[in-house]
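Quick caveat: nothing in here was measured; it's all calculated off a predicted structure. All heavy atoms count here, side chains included; hydrogens, waters and symmetry mates do not. Chain letters run A, B, ... following the sequence lines, proteins first and then strands; every chain starts at 1.
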Number of protein chains: 2
Amino acid sequence: MATSRDMRISISERAAGGARARGRVYTVLRDAIVSTEFHPGQRLSESELAERLGVSRTPIREALVRLRDDRLVEIVPQLGTYVSRISRQAIDDAQFIREALEGAAVRVAATRARPEDIAALDAIIARQREAFRDSDIDRFYFFDDELHRSLCDLSGHGVAWSLSQRASGHLNRIRRLSMTLPAYIDEMIEEHAVVLDAVRRHEPEEAEHALREHLKMVVSAVPDIERSHPDYFES
Amino acid sequence: MATSRDMRISISERAAGGARARGRVYTVLRDAIVSTEFHPGQRLSESELAERLGVSRTPIREALVRLRDDRLVEIVPQLGTYVSRISRQAIDDAQFIREALEGAAVRVAATRARPEDIAALDAIIARQREAFRDSDIDRFYFFDDELHRSLCDLSGHGVAWSLSQRASGHLNRIRRLSMTLPAYIDEMIEEHAVVLDAVRRHEPEEAEHALREHLKMVVSAVPDIERSHPDYFES
DNA sequence: GCCCACATACTTGCATACAAGTATTCGGAG
DNA sequence: CTCCGAATACTTGTATGCAAGTATGTGGGC
């Protein structure tokens, strides 16, 4: 029947929009946690969050359940909801996931990148240098994500980036905290340039290796962060 | 203070348990979808599911939201919830994710596997042959998962398996459907043996290559399934 | 016979009410 | 002063009620 086919089309068109309140709440809470505006270990109250965000407990709960999947909060029945403390195992897991997924993606990206794609990537790095010059950490963080996301998109598997992101909550808190140290930012930009050069020259092996090395740098910041914020960590 | 440290411990102990109704509903619904007991394209009613499972709409909703993250259902506001039709892009994405994650995991597993680990893996393959001999597809499917999960666990990053699974909903429907064909099962078992041999000999490169080749076999079944169930697929 | 308009019955999204259970705190006894 | 117990004020989990919106079926007009 023709109707069923029409319905299918209208469905996929509308599903893309998604819900409004639920998605908004999830994004707001996730940002607050990753930016450590909500401190690791802090207790969260569903009712208080509902009041502050101007919605009822229902969308708050649905967002918290998603955040639990991300291991960013721990929900204990009849007791409370807590921002997860940063876990070394979770960092290690996220690092493994990122290297595997983004490494595989950049390998494909290196074989497929067209000149205009590379120009777009160059532009992103230029913006990173700008943000660094202006000491605008939030903007740098944004364009850092943007670069990695673009590389995944180029591979034809944008889902690699979304998955990597959802798995990288603990790691991203380290990223954000490490960006308060200018030395890290400077080195990050140079490493981005190395990755991009390998992509430009269509060298998949080299690109993957450079990216994996680059990703390892985030982990190297852990001891510094652990020293300055010991209470943010587990056990 | 000592209290806060004690609290932390009790929290992590209890968080492991998790909720009962919500988790149960999610598992039941996911199994129903992946086994195509719920047909791709089928419309689901929150109220009907609530009645059938003996709970209210709330846990049903939370489970459906998780399934939407898995791309297994499409929720259209004020219209209805539908079991996603199998999407070629989703299959391709899942394949990419599985190869990247499990490939990286088996590489590590090959370097770390101790004799007793390998014995355990051998035992799983033996059970697969048993299930094959008894034509018990569900049991074979279970031990297939068990083998892949064990390999990921061996790498020290069990999370690779959970992520891979959550991303593989569309692919798993193909897996289940392809297992109705005995020829596929037989070949799968042999390929498992090849992977395991490489792990036994501590050859990471070879193990990853064999696993990636093995994973590709699932995709090769797509045209067959598409011919026998054209209405299960998108557009 | 065909087509258009309206009412109806459904859907999900959100808000609220109730139930079960825990930590804390306040009061009293020793 | 110390310690024990019960009541209280919270927490999350679940159930239900209401609002907004869409598809469908029915009845009337042409």
Side-chain angles (χ1 to χ4, degrees), chain A residues 1-26 28-29 41-69 72-84, chain B residues 1-29 41-69 73-84:
Chain A
M1 305 173 195
T3 51
S4 91
R5 211 185 138 195
D6 293 346
M7 190 176 65
R8 240 186 286 166
I9 293 171
S10 74
I11 288 172
S12 53
E13 272 170 0
R14 291 157 129 212
R20 214 180 63 265
R22 172 173 56 215
R24 188 176 69 88
V25 170
Y26 172 76
V28 168
L29 293 184
Q42 177 177 344
R43 180 176 189 169
L44 300 178
S45 159
E46 289 185 359
S47 2
E48 188 193 326
L49 291 174
E51 194 178 10
R52 277 177 56 178
L53 296 182
V55 295
S56 92
R57 271 183 60 209
T58 306
I60 300 282
R61 286 201 88 248
E62 295 183 350
L64 287 176
V65 168
R66 277 184 85 183
L67 289 168
R68 187 177 63 97
D69 276 347
L72 284 178
V73 304
E74 287 167 30
I75 304 175
V76 188
Q78 277 81 39
L79 209 162
T81 302
Y82 301 83
V83 178
S84 299
Chain B
M1 304 177 195
T3 52
S4 90
R5 211 188 136 193
D6 293 346
M7 190 176 65
R8 240 186 285 166
I9 293 171
S10 73
I11 288 172
S12 52
E13 272 171 1
R14 289 156 133 217
R20 213 182 66 264
R22 171 173 56 218
R24 188 177 68 88
V25 170
Y26 172 75
T27 305
V28 168
L29 293 184
Q42 177 177 342
R43 181 176 187 168
L44 299 178
S45 158
E46 289 185 358
S47 0
E48 188 194 325
L49 291 175
E51 194 177 8
R52 278 177 55 176
L53 296 181
V55 295
S56 90
R57 273 182 57 209
T58 307
I60 300 282
R61 272 184 62 73
E62 295 183 351
L64 287 177
V65 168
R66 277 185 84 182
L67 289 169
R68 187 177 62 96
D69 276 347
V73 303
E74 289 167 29
I75 304 174
V76 188
Q78 278 82 36
L79 210 161
T81 303
Y82 301 83
V83 178
S84 300

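- E51(B) places its CD atom 15 Å from the C1' atom of dA15(D), with the value rounded to the nearest Å.
- The 5' end of DNA chain C is approached more closely, in terms of each residue's nearest nucleotide, by G80(B) than by the other of G80(B) and S56(A).
- One finds a side-chain N or O of S45(B) lying less than 4.0 angstrom from the OP1 or OP2 phosphate oxygen of dT11(C).
- Here L44(A) lies in heavy-atom contact (under 4.0 Å) with sugar-phosphate atoms only.
- Between the CZ atom of R43(B) and the C1' atom of dA23(D) there is a distance of 8 Å, rounded to whole Å.
- Taking atom OH of residue Y26(A) and atom C1' of nucleotide dG13(C), one finds them 20 Å apart after rounding to whole Å.
- When the P atom of dT11(C) is taken as reference, atom CD of E74(B) falls 18 Å away, rounded to whole Å.
- Using a 4.0 Å cut-off, some side-chain N or O of R61(B) falls inside it from OP1 or OP2 of dG13(C).
- How far CG of L29(A) is from CG of L72(A): 10.5 Å, rounded to the nearest 0.5 Å.
- Remark: R57(A) is not in phosphate contact with dA15(C), judged by side-chain N or O atoms under 4.0 Å from OP1 or OP2.
- As rounded to whole Å, 18 Å separates atom P of dC14(C) from atom CD1 of I60(B).
- L79(B) places its CG atom 11 Å from the P atom of dT11(C), with the value rounded to the nearest Å.
- Here the side chains of V65(B) and V65(A) are not in contact, with every heavy-atom distance at 4.5 Å or above.
- Annotation: of the two residues near DNA chain D, E48(A) and E62(B), the 5′-most nearest-nucleotide partner is E48(A).
- Of the options V76(B), V73(B), L67(B), a side chain to side chain contact (heavy atoms under 4.5 Å, CB included) to T81(B) is made by V73(B) and by none of the others.
- Between S47(B) and dC10(C), a side-chain N or O to OP1/OP2 separation shorter than 4.0 Å is absent.
- Atom CZ of R43(B) sits about 10.5 Å away from atom CD of E48(B), to the nearest 0.5 Å.
- The nearest whole Å value for the distance from the CD atom in E46(A) to the C1' atom in dA15(C) is 14 Å.
- Residues S56(A) and I60(A) share a closest heavy-atom pair of O-CG1, 3.4 Å.
- Taking 4.0 angstrom as the limit, T58(B) places none of its side-chain polar atoms (N or O) nearer than this to OP1 or OP2 of dT14(D).
- Note: CG (L53(A)) to P (dC14(C)) measures 13 Å, nearest angstrom.
- With hydrogens and angles ignored, no donor-acceptor pair under 3.5 angstrom links the side chain of Q78(B) to the base of dT22(D).
- Side-chain proximity of P59(A) to the nucleotides dT14(D), dG13(C), dA15(C) is greatest for dA15(C).
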